[in-house]
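Step one of this worksheet: look at the structure below.
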Amino acid sequence: MSVLLSVERLNISFPLDGHRLFSGRRRVVHAAQDITFDIAVGETLALVGESGCGKTTVGRAVAGLTKVQKDVVRLHGRDPFHRPRSERHIARRAIQMVFQDPFSSLDPRMNVRQILLEPLDINGIGTAEERTNRVADLMIQVGLPPDALARYPHEFSGGQRQRIAIARALAPDPELIVADEPLSALDVSIQSQTLNLLQTLKRQRGLSYLFISHDLAAVHHLADRVAVMYLGRLVEVADRDTLFASPRHPYTQGLLAAVPRIGQGRRKRTLIAGDLPSPLALPTGCAFHPRCPLAKDICRVERPALSPLSTNPGQTVACHFAEVKENVA
Ligand code: SF4
């Protein structure tokens, strides 16, 4: 499969107002550090990890909502964001975002027709008649009645609003959708319907997803590959089946410990102890060492690189002991 999106050495830091060191310099949160991955055409890459680990920051950078340096994000090999003004909209059309909260992501003053027409207008897509047909078509694709186009967001349920948000993302015919926790604000009964919709749209339209989620059951359902983030860095990347069957990073093992395997109950793995450290005071060496049951002296001083396993180069792990047999879950 050809590469659609590549992200290479993405670093994002936020200076904190009001937080100064003794030297007078402002304190900085390193939200994403050295993030490298790619997504193939038609592939879903899930980005998982605890709240506050930097997943959303990466998603926003990929969608062009956070400034990144030149050539860090590439779409079909070209930087979509640092282009001549006349070309920018073409590339921006290709990456759309679905946000977590369908209640705040839709403008309450616009009816659904206006919401769906807006990206078509901005991108200059189609004639007036083609746009009218397209918005009706989008409603059908996301399972909403076209005669609801005149209604306003507050007249819909949470699940329906998320479908409207998905239709808005589909409107400019993107190649990649960044879906940032698209299920977490929905009732449990609606989550699986929305997940199935995303799966169907992917199949029908050949879409790729960057699927940001802390819901590992949903990730197992939708993802082709999974990237695990901890405190701003990737700690493990593997295809879905390998990651769920044989995670090599103790953090991944801890995340999966709470997920029952079908017919086998909970796994015999150790749950993650303690809380996520403050990103303002990152631990030295391996950032996971204060919570890691396998930590040794080297872990406190030397940060492990994200490296391919000798036995499976498609699985990359940032742990000094990833190759050690006893570490296999
Ligand atoms: Fe644990 Fe050490 Fe591996 Fe970090 S490098 S995950 S602390 S064993």
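Indexing begins at 1, ligand by ligand and atom by atom, following the structure's order. The residues of the chain are indexed from 1 along the displayed sequence.
- Numbered from 1 in the order shown, with element, the atoms of ligand 1 that lie under 4.0 Å from a heavy atom of Cys299 read 2 (Fe), 5 (S), 7 (S), 8 (S).
- Between the side chain of Asn11 and the backbone N or O of Arg9, at least one donor-acceptor pair lies under 3.5 Å.
- Per-residue contacts place Cys292 under 4.0 angstrom from the following atoms of ligand 1 (heavy atoms of the residue considered): 1 (Fe), 6 (S), 7 (S), 8 (S).
- Below 4.0 Å from some heavy atom of His320 lie the following atoms of ligand 1, by number and element: 3 (Fe), 5 (S).
- Contacts classified as salt bridge (charged side-chain N to carboxylate O under 4.0 Å, His left out) and involving residues 221-232 (residues at least two apart or in different chains) are given here: Asp38-Arg225, Glu43-Arg225, Lys202-Asp224.
- The distance from atom 1 (Fe) of ligand 1 to the nearest N/O/S atom of Cys319 is not under 2.8 Å.
- Using cut-offs of 30° and 60° for the angle between ring planes, the His249 and Tyr251 rings count as perpendicular.
- By the 4.0 Å N-to-carboxylate-O rule, Glu50 lies close enough to Arg291 to be salt-bridged with it.
- Which parts of ligand 1 touch His249 is read off a 4.0 Å heavy-atom cut-off, strictly below it: atoms 6 (S).
- Residue pairs meeting the ring-ring contact (aromatic ring centres under 6.0 Å, His included) criterion with at least one member in residues 30-59: none, sequence neighbours excluded.
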